[in-house]
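This one's a predicted model, so the numbers in the text were calculated from it and none came from an experiment. All ligand and atom numbering here is 1-based and tracks the order in the structure.
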Amino acid sequence: MEISLIGLQNAGKTSLVNAVAAGLDCEDMIPIVGFNMRKLTKGKVAIKLWVLGGQSRFRSMWERYCRGVSAIVYVVDVADHDNIYISQRELHYLLSKPTLSGIHLLVLGNKIDKVEALSKKGLTYQMELKSLTGREVCCFMISCKNLTNIDQVINWLVKHSKSKS
Ligand SMILES: Nc1nc2c(ncn2[C@@H]2O[C@H](COP(=O)(O)OP(=O)(O)OP(=O)(O)O)[C@@H](O)[C@H]2O)c(=O)[nH]1
Ligand SMILES: [Mg+2]
């Protein structure tokens, strides 16, 4: 199964892949300008993870690499109050594409170790997650730095790979 991992620059995508990969078997990243691909396996479960660049010049590629995936994982820096609106806008814009209808979404509020981090309620509100209907939407609050709730992310990925294959 394939999963796309997206989010604005500096959200923590690379840190998340490294944290998740530490709990799974993984092959090396294949770096290409704008994105990386990484294969993760846990037992019989194999996950192909597309990690897409977050800078504005790469965001037009997001839709192409989200088409046909089993799930989209969207990372948000919950301590970066200046960029949360942009993150919200980009997520809603992406999910408005008909090609991506129904694809499961996992929103990760990252950097909860920081004092200025939003709460889960605050993130849900700021990202307008309640208005995302017609698909499964799940949200966890994590810290890639302290490895908080990374096990929940791994369980979610493994569960969603099983339900599809
Ligand atoms: N305090 C804290 N810092 C974090 C956490 N996760 C990532 N960071 C830091 O945030 C910065 C950006 O993390 P990256 O993983 O490189 O972010 P990215 O989303 O891959 O960024 P791009 O590749 O530029 O799109 C780095 O300095 C990380 O060390 C976290 O949970 N807590
Ligand atoms: Mg990165």
Side-chain angles (χ1 to χ4, degrees), residues 2-40 47-67 69-95 97 100 103-129 132 137-158 160:
E2 300 192 21
I3 288 184
S4 285
L5 176 62
I6 52 181
L8 299 185
Q9 65 276 21
N10 211 45
K13 298 177 295 296
T14 302
S15 307
L16 177 71
V17 175
N18 292 336
V20 165
L24 298 165
D25 296 323
C26 90
E27 280 178 33
D28 280 349
M29 273 216 173
I30 303 168
I32 304 165
V33 176
F35 69 95
N36 297 285
M37 197 275 283
R38 200 153 182 175
K39 284 181 185 162
L40 305 168
I47 300 169
K48 207 180 200 183
L49 194 65
W50 299 98
V51 186
L52 308 181
Q55 286 151 298
S56 52
R57 67 180 184 278
F58 297 129
R59 290 179 206 154
S60 59
M61 295 168 53
W62 287 1
E63 191 244 346
R64 191 164 8 127
Y65 286 93
C66 286
R67 256 183 238 168
V69 298
S70 301
I72 295 170
V73 179
Y74 195 82
V75 185
V76 184
D77 179 345
V78 290
D80 185 1
H81 299 265
D82 292 341
N83 285 308
I84 199 125
Y85 172 70
I86 298 170
S87 183
Q88 181 271 120
R89 198 190 58 197
E90 294 291 349
L91 176 66
H92 284 257
Y93 175 66
L94 180 73
L95 297 182
K97 306 278 168 83
L100 306 183
I103 297 178
H104 300 317
L105 174 71
L106 176 61
V107 176
L108 298 175
N110 185 36
K111 310 198 189 181
I112 58 167
D113 56 282
K114 290 193 167 183
V115 281
E116 63 273 33
L118 286 171
S119 64
K120 184 172 183 177
K121 201 173 164 185
L123 178 69
T124 303
Y125 177 75
Q126 296 274 339
M127 293 298 291
E128 299 186 20
L129 298 184
L132 295 170
V137 180
C138 187
C139 177
F140 299 139
M141 303 302 283
I142 64 168
S143 167
C144 293
K145 187 183 170 195
N146 295 345
L147 301 183
T148 311
N149 294 335
I150 298 302
D151 51 338
Q152 282 193 43
V153 176
I154 293 174
N155 288 342
W156 192 94
L157 295 175
V158 170
H160 285 77

- Note on the structure: Minimal heavy-atom distance between L49 and V17, with the atoms involved, is CD2-CG2, 3.9 Å

- Task: List for me each residue that meets side-chain hydrogen bond (donor to acceptor under 3.5 Å, both in side chains) alongside N110, sequence neighbours excluded, and say none if there are none.
- Result: none

- Under 3.5 Å donor-acceptor, S4 side chain and Y65 backbone: yes

- Item | Atom NZ of K145: over 12 foreign heavy atoms under 6.0 Å | no

- Message: If the criterion is any heavy atom closer than 4.0 Å to an atom of ligand 1, which residues make the list?
- Response: L8, Q9, N10, A11, G12, K13, T14, S15, G54, N110, K111, D113, K114, S143, C144, K145

- Could you tell me whether the side chain of N83 reaches within less than 4.5 Å of the side chain of D77, counting heavy atoms only? no

- Message: Could you report the tightest heavy-atom contact between K13 and N10, atom names first, then the distance?
- Response: NZ-N, 4.5 Å

- Show all protein N/O/S atoms under 2.8 Å from the Mg ion (ligand 2), or state that there are none. T14 OG1

- Item | Identified side-chain contact (heavy atoms from CB on, under 4.5 Å) counterpart of I150 within the set L108, L16, N155 | L16

- Parallel under 30°, tilted from 30 to 60°, perpendicular over 60°: which one fits the rings of Y74 and W62? perpendicular

- Message: The criterion is side-chain hydrogen bond (donor to acceptor under 3.5 Å, both in side chains); which residues satisfy it with R67, sequence neighbours excluded?
- Response: E63

